[in-house]
Amino acid sequence: VQLQASGGGLVQTGGSLRLSCLGSGFTLGYTAIGWFRQAPGKEREGVACMRTRDRSTKYVDSVKGRITISRGNAKNTNTVNLQMNSLKPEDTAVYFCAASRSGIITSSMLNPDAYDFWGQGTLVTVSS
């Protein structure tokens, strides 16, 4: 199982970035795909997650209205994207994508412990 995150970079406050997570078998066996982030000295937190069976999504309050998680199109079903707009300095972190193969309830969708597979991170830096 491999998950590969990409798309990070340096952007000014108010700018946008699109992160992508490329994985194997997203169409089979995974119950949820999530994006998490970890800033220096802070715990890893869930940013946005999608449950695969019903495409339901969940976002941490601090990103609602600015960040959107989505699956790739029909030609890119193994990709999950994170469109990030109106970025703020507090969004600066290493962003990770993760996949769960266990049953996942709504209240656990942003819990890192509910995810089984993790990709390497991609750094997002938002300058003020």
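These values consider heavy atoms only, across backbone and side chains, with no hydrogens, waters or symmetry-generated copies.
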Closest non-hydrogen contact found for Thr122 with Gly8 is OG1-N, 3.0 Å

Exercise: identify the closest heavy-atom pair between Ala48 and Leu82: CB-CD1, 3.8 Å

Looking only at heavy atoms, the pair that brings Ser16 and Val11 closest together is N-CG2, 3.8 Å

Determine, using the 4.5 Å side-chain heavy-atom cutoff (strictly less than), whether Val60 and Tyr95 are members of one ILVMFWY cluster. yes

Main chain of Leu110, side chain of Lys58: is a donor-acceptor contact present, judged purely on distance under 3.5 Å? no

When the ring planes of Trp118 and Phe36 are compared, do they come out parallel, tilted or perpendicular, using 30° and 60° as the limits? tilted

Of Thr52, Asn81, Asn78, Thr79, which meets side-chain contact (heavy atoms from CB on, under 4.5 Å) against Arg71? Thr52

Could you give the distance from CE (Met50) to OG1 (Thr31), rounded to the nearest 0.5 Å? 13.0 Å

Would you mind reporting whether Met84 and Val124 have side-chain heavy atoms less than 4.5 Å apart? yes

Check whether Tyr115 reaches the backbone of Ala32 with its side chain - one donor and one acceptor, N or O, closer than 3.5 Å. no

Looking at Ala114 and Ser108, what are the two nearest heavy atoms and their distance? CB-O, 3.7 Å

Which atom pair, heavy atoms only, marks the closest approach of Gln120 to Ala5? NE2-O, 2.8 Å

Cationic N near anionic O, under 4.0 Å, Asp61 to Lys64: yes

Is Thr13 reaching over with its side chain to a backbone N or O of Ser127, donor-acceptor style, under 3.5 angstrom? yes

What closest approach, in Å, do Ser86 and Arg66 show between heavy atoms, and which atom pair accounts for it? O-NH1, 3.0 Å

For Gln83, does its backbone N or O pair with a side-chain atom of Thr68 as donor and acceptor, under 3.5 Å? no

Taking atom types as modelled and ignoring hydrogens, do the side chains of Arg51 and Ser100 form a donor-acceptor contact shorter than 3.5 angstrom? no

side-chain contact (heavy atoms from CB on, under 4.5 Å) between Met109 and Ser56, intermediate numbers included: CA-CA 10 Å; Met109 288 175 68; Ser56 61; 4.3 Å; yes

